[in-house]
Q: 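I'd like to ask you about the structure that follows.
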Amino acid sequence: MKNVNKYAKGYFMPPVDCFDWIKKDAITQAPVWCSVDLRDGNQALVVPMSLEDKLEFFKLLVKIGFKEIEVGFPAASETEYRFLRELIEQDLIPDDVTIQVLTQSREHIIKKTFEALAGAKQAVVHLYNSTSVAQREQVFQKPKDEIIGIAVSGAKLLKEYAQKTPGNFRFEYSPESFTGTEMEFALEICNRVLDVWQPAGDDKVIINLPATVAMSMPHVYASQVEYMSKHLNYRDNVVLSLHPHNDRGTAVADAEMGILGGGQRIEGTLFGNGERTGNVDILTLACNMFSQGVDPGLDFEHVPAITEAYERFTGMHVHERHPYAGQLVFAAFSGSHQDAIAKGMKWRETHDCAHWNVPYLLIDPKDVGREYDGDVIRINSQSGKGGIGYLLEQKYGMDLPKKMREDFGYKVKDVSDHQHKELLPDEVFAIFQNEYVNRTSPLEILDFTFPGNDDFHVQLKVRYNGEEKTLAGEGNGRLDAISNALQEHLGVTYTDLSYKEHALESGSKSQAVSYICVTAPDGKSYWGCGIHNDIMTSSVWALVSAINQMVK
C-alpha cells in the first residue's frame, strides 16, 4: 500500500518488563461486568434511544445479570437527565445493582451530575480527562502538570459534591486515551487522583484504563495493564477496570489478555456497539469464558431473545456471523462439516462424555438457546448426505439407511442448486415425502390379504397404469409373497430387495416407517418409504414406492 511511511508505532510500552501475564494460560474467574450500552453504546447510534427504549433496555441488562450499568451522561442532555431521574424516582434500580454515570472534570457538569444522582442507593461517578500525547499537544495544548491539575480538581469536586448529595457514591477515574499516553505519566496522574480519594477498607475506587483508540497488538495492552496493576498506589483498594475499543478488531483479545495482566473489571456493550468500530463485545467475552468452563456470571441462555430485543431498542443489526449470536455461527452448509457434526452428536448419545467436544461446534448451541435443526444443519447445494440425514432424524424422526441418505442427498442438492437458495427443514422434508413416501403412481395397492392366515400366500388387488387387477403370489414370507406376485403378474423385474424399519415415535399410537431398496436389471438402485400405523402396510407401501421410482 502507498503512504506506509506516514505511520509509525503509536503506543507506549512500560518502562520496565511486565510480562507475568504470559505465565497464565487461562482466565479462571469472571471479571466484574459493567454494561455501557446505555451511554457509550447509545451515543454511537444514528438515532439515540428514546426514554422508553432506554428503560426497557435497562430492564433487559438487569435480567441478564449485570450488577453495574452505566446509564448515561446526565449533564449532556435533557433525555439523559430524565432517564436517570426516572430510574431513581420510580425505584427501578434493584438493591444489588449499581448505576454509573459519566462526567468531565468541569464543575458545572459535576454539579449537574450530582443533582441528577440525588437519592441514588448505589452509584459510581465516573470522572475522566484525556491524557494522550496527541490530545495534550493538539486539543488542549497544555503541559503535563496542567493535565494533572484537571484530574485532581475533578477528583476533589467529586468528594465535595458526594458529601452534600443524598445517596451512596463510589468514584471511578479514567485517563482517557490511556493507550496513547506515556505509561509513567498515566501512572502518575492516576496516583495523584488516588491520593485525593485515599480509598480504604470497603471504600474501593475504580481506575479504568480505556483503549479509547486501540493502537497496538493485544500483548502490548496486557503489558500496559500489568504495569499499572503493579505500580498503582492503594492497590488493594483499587478495582482495575478495562475499557477496550475495537479499532484494530482486537477488543476481545485486548480484554482477555488485559485480564491476565491484572484487569478485574470490564466495561463494554452487549454486541460491541460503540464509537467507530465499537466497544468490546461482552457477550463474546462471556461466552468465551463459558466455553472454557468458567461461569461468566451473566445469563446468555436465551441469546435469540436478547438479540431480538437489542435490535428493536437500538435499530442496529447483529451480523449473521457475530460470535455466538449470529444466525449462521452454528450453521454448517458444507457436507463434510455436516457429516462430522452428525457423527459427533451420535457419539455423545452412545458415550459417557464428561465435556463437550463436538467437531466444528465450540459450545453446545442449546446452551445459548439455539436449536440443532435449522440452526446447526443448514441445507443448500453444498450440503452432504450426513447433514441432510441428520436433519431428517432430529426434526422428523426419520432414520434413513446410509445408502438412502446418499440417494436423497443428491436430490436435495439438485433442487437447491437449481433454485439457487437454501432449503428450510420443511422444504427438505417435503422433497423426501414427494420423492419416496407412499407413492401410488403408476402402481397402487388397493388391498391385500393372506388367506387362512397363511404368511406364504397372498391375494392382491392393485391399480397399475390406471387398470385394476387381482393378483396372487407366494413366497417365503408375507413381503416376499407380495413382491413375487407383483413381479410375476406386472412384468416388473428387480433384485436385491433390502429392508429397514423403525417406529416414527415412541408410544402405542406410533406410526411405523419402512424403507425398501430394489435393484433394477441395469444395476441401479431405487428407494421407497412407507409410513402407516401397521408395520406390514408400511412395508408394502415402501416396496410399491420403490417400484414406482423404478418404473416411472
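Starting from 1, each residue takes its place in the sequence as its number.
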Q: Excluding sequence neighbours, so at least two apart, what forms side-chain contact (heavy atoms from CB on, under 4.5 Å) with Leu424?
A: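 Glu427.
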Q: What heavy-atom pair brings Asp426 and Lys395 nearest, and what distance separates the two atoms?
A: OD1-CE, 3.9 Å
Q: Is the number of heavy atoms from other residues, nucleotides or ligands under 6.0 Å of Tyr410 OH greater than 12?
A: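 For Tyr410, atom OH is not crowded (no more than 12 foreign heavy atoms under 6.0 Å).
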Q: Hey, could you give me the CG/OG distance between Asp40 and Ser35, rounded to the nearest 0.5 Å?
A: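 Interatomic distance, Asp40 CG to Ser35 OG, rounded to 0.5 Å: 10.0 Å.
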Q: Nearest 0.5 angstrom please: Asp454 CG to Gln459 CD, how far?
A: 11.0 Å
Q: Please test Lys24 against Glu256 for salt bridge (Lys or Arg N to Asp or Glu O under 4.0 Å), starting from the C-alpha separation and ending with a verdict.
A: CA-CA 11 Å; Lys24 304 172 185 176; Glu256 291 179 333; over 6 Å; no
Q: Does CG in Asp96 sit with more than 12 non-hydrogen atoms of other residues, nucleotides or ligands closer than 6.0 Å?
A: yes
Q: Would one find more than 12 heavy atoms of other residues, nucleotides or ligands at under 6.0 Å from atom NZ of Lys366?
A: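 Result for NZ/Lys366: enclosed.
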Q: Does Arg82 come within less than 4.0 Å of Glu89, counting only side-chain N to carboxylate O?
A: no
Q: Has the side chain of Lys67 got a donor or acceptor atom that lies under 3.5 Å from a matching backbone atom of Val97?
A: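 Answer holds: no.
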Q: Ignoring hydrogens and geometry, is there a side-chain-to-backbone donor-acceptor pair from Asn484 to Glu474 under 3.5 Å?
A: yes
Q: Which value, rounded to the nearest 0.5 Å, describes the distance between Thr449 atom OG1 and Leu460 atom CG?
A: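 Reported to 0.5 Å precision, the distance equals 8.0 Å.
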Q: Taking CG in Asp522 as the centre, count heavy atoms belonging to other residues, nucleotides or ligands within less than 6.0 Å. Is the count above 12?
A: yes
Q: Between Asp339 and Lys343, is there a salt bridge with N-O shorter than 4.0 Å?
A: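 Salt bridge flag = yes for Asp339 with Lys343.
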Q: I need the full list of side chain to side chain donor-acceptor pair (under 3.5 Å) pairs touching residues 308-320, with sequence neighbours left out, sorted by first then second residue.
A: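 Checked against side chain to side chain donor-acceptor pair (under 3.5 Å) - neighbours excluded - the pairs reaching residues 308-320 are Glu308-Arg312, Glu311-His317, His317-Glu320.
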Q: For a 4.5 angstrom cut-off between non-hydrogen side-chain atoms, does Asn279 reach Pro244?
A: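 Answer no - side chains too far apart.
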Q: What heavy-atom pair brings Phe313 and Met49 nearest, and what distance separates the two atoms?
A: O-CG, 3.3 Å
Q: Does atom NZ of Lys402 have more than 12 heavy-atom neighbours from other groups under 6.0 Å away?
A: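 Open.
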Q: Once salt bridge (Lys or Arg N to Asp or Glu O under 4.0 Å) is applied, what residue pairs with a partner in residues 264-286 remain, sequence neighbours excluded?
A: Glu68-Arg265, Glu172-Arg265, Asp247-Arg276, Arg265-Glu267
Q: With sequence neighbours left out, which residue pairs that include part of residues 480-502 fulfil the salt bridge (Lys or Arg N to Asp or Glu O under 4.0 Å) condition?
A: Asp399-Lys500
Q: Are the charged groups of Arg248 and Asp254 less than 4.0 angstrom apart, N to O?
A: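 Judged by the 4.0 Å cut-off on N to carboxylate O distance, Arg248 and Asp254 do not form a salt bridge.
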Q: Please give me the minimum heavy-atom distance between Val225 and Gly258, naming the atom from each residue.
A: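 Looking at all heavy atoms of both residues, the shortest contact is CG1-O, 3.5 Å.
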Q: List the residues meeting side-chain contact (heavy atoms from CB on, under 4.5 Å) with Phe450, not counting sequence neighbours, and say none if there are none.
A: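 Phe448, Val458, Arg478, Ile482.
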Q: Under the rule for ring pair (Phe, Tyr, Trp, His ring centres under 6.0 Å), what residues qualify as partners of His502, not counting sequence neighbours?
A: Tyr515
Q: What closest approach, in Å, do Pro451 and His457 show between heavy atoms, and which atom pair accounts for it?
A: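 Nearest pair, atom of Pro451 first, then His457: CD-O, 3.6 Å.
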Q: When you check the gap from the basic side-chain N to the acidic O, do Asp414 and Lys411 get nearer than 4.0 Å?
A: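 Judged by the 4.0 Å cut-off on N to carboxylate O distance, Asp414 and Lys411 do not form a salt bridge.
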Q: Give a yes or no on whether the backbone of Lys421 and the side-chain of Ser416 come within a donor-acceptor separation of less than 3.5 Å.
A: yes
Q: Output the distance between atom SG (Cys287) and atom CD1 (Ile282), rounded to the nearest 0.5 Å.
A: 11.5 Å
Q: Hey, can you pull the donor-acceptor pairs under 3.5 Å for the side chains in residues 461-468, sequence neighbours left out?
A:
residue : atom : partner : partner atom : Å
Arg463  : NH1  : Glu444  : OE1          : 2.8
Arg463  : NH2  : Glu468  : OE2          : 3.2

Q: Tell me whether Tyr436 contacts the main-chain N or O of Ala542 through its side chain, where contact means a donor paired with an acceptor under 3.5 Å.
A: no
Q: May I have the list of side-chain donor-acceptor pairs in residues 292-304 shorter than 3.5 Å, sequence neighbours left out?
A:
residue : atom : partner : partner atom : Å
Asp295  : OD1  : Gly297  : N            : 2.9
Asp299  : OD1  : Glu301  : N            : 3.0

Q: Identify, with sequence neighbours excluded, every residue that meets side-chain contact (heavy atoms from CB on, under 4.5 Å) alongside Asp352.
A: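 So Asp352 forms no side-chain contact (heavy atoms from CB on, under 4.5 Å) with any residue.
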Q: Identify, with sequence neighbours excluded, every residue that meets side-chain contact (heavy atoms from CB on, under 4.5 Å) alongside Ser545.
A: Arg439
Q: How are the rings of Trp21 and His219 set relative to one another: parallel (under 30°), tilted (30 to 60°) or perpendicular (over 60°)?
A: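 Correct class here is tilted.
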Q: Do the side-chain N and O atoms of Thr250 and Tyr221 include a donor-acceptor pair separated by under 3.5 angstrom?
A: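 No, Tyr221 and Thr250 have no side-chain donor paired with an acceptor closer than 3.5 Å.
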Q: Looking only at side-chain N and O atoms, does Asn548 offer a donor or acceptor that is under 3.5 Å from a partner on Tyr526?
A: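 Tyr526 vs Asn548: no donor-acceptor pair found between side chains.
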Q: For Asp25, enumerate each residue passing the salt bridge (charged side-chain N to carboxylate O under 4.0 Å, His left out) test, keeping only those at least two apart in sequence or located in another chain.
A: none
Q: Could you list the residues that satisfy ring pair (Phe, Tyr, Trp, His ring centres under 6.0 Å) with His351, not counting sequence neighbours?
A: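 So His351 forms a ring pair (Phe, Tyr, Trp, His ring centres under 6.0 Å) with Trp347.
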Q: Check the side chains of Tyr324 and Thr284 for a donor-acceptor pair under 3.5 angstrom, ignoring hydrogens and angles.
A: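 Short answer, no.
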Q: Given side chains that start at C-beta, do those of Ile431 and Asn434 come closer than 4.5 Å, heavy atoms only?
A: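 When only atoms from C-beta onward are counted, Asn434 and Ile431 do not touch, as no gap falls below 4.5 Å.
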Q: Return yes if a side-chain donor-acceptor contact under 3.5 Å exists between His532 and Asn438, otherwise no.
A: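 Note: His532 and Asn438 side chains miss the donor-acceptor criterion.
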Q: Got a second to check how far Met316's CE is from Thr269's OG1, nearest 0.5 Å?
A: 9.0 Å
Q: In this structure, are over 12 heavy atoms from other groups packed under 6.0 Å from Lys524 atom NZ?
A: no
Q: With the threshold set at 4.0 Å, does a side-chain nitrogen-carboxylate oxygen contact exist between Glu80 and Lys54?
A: yes
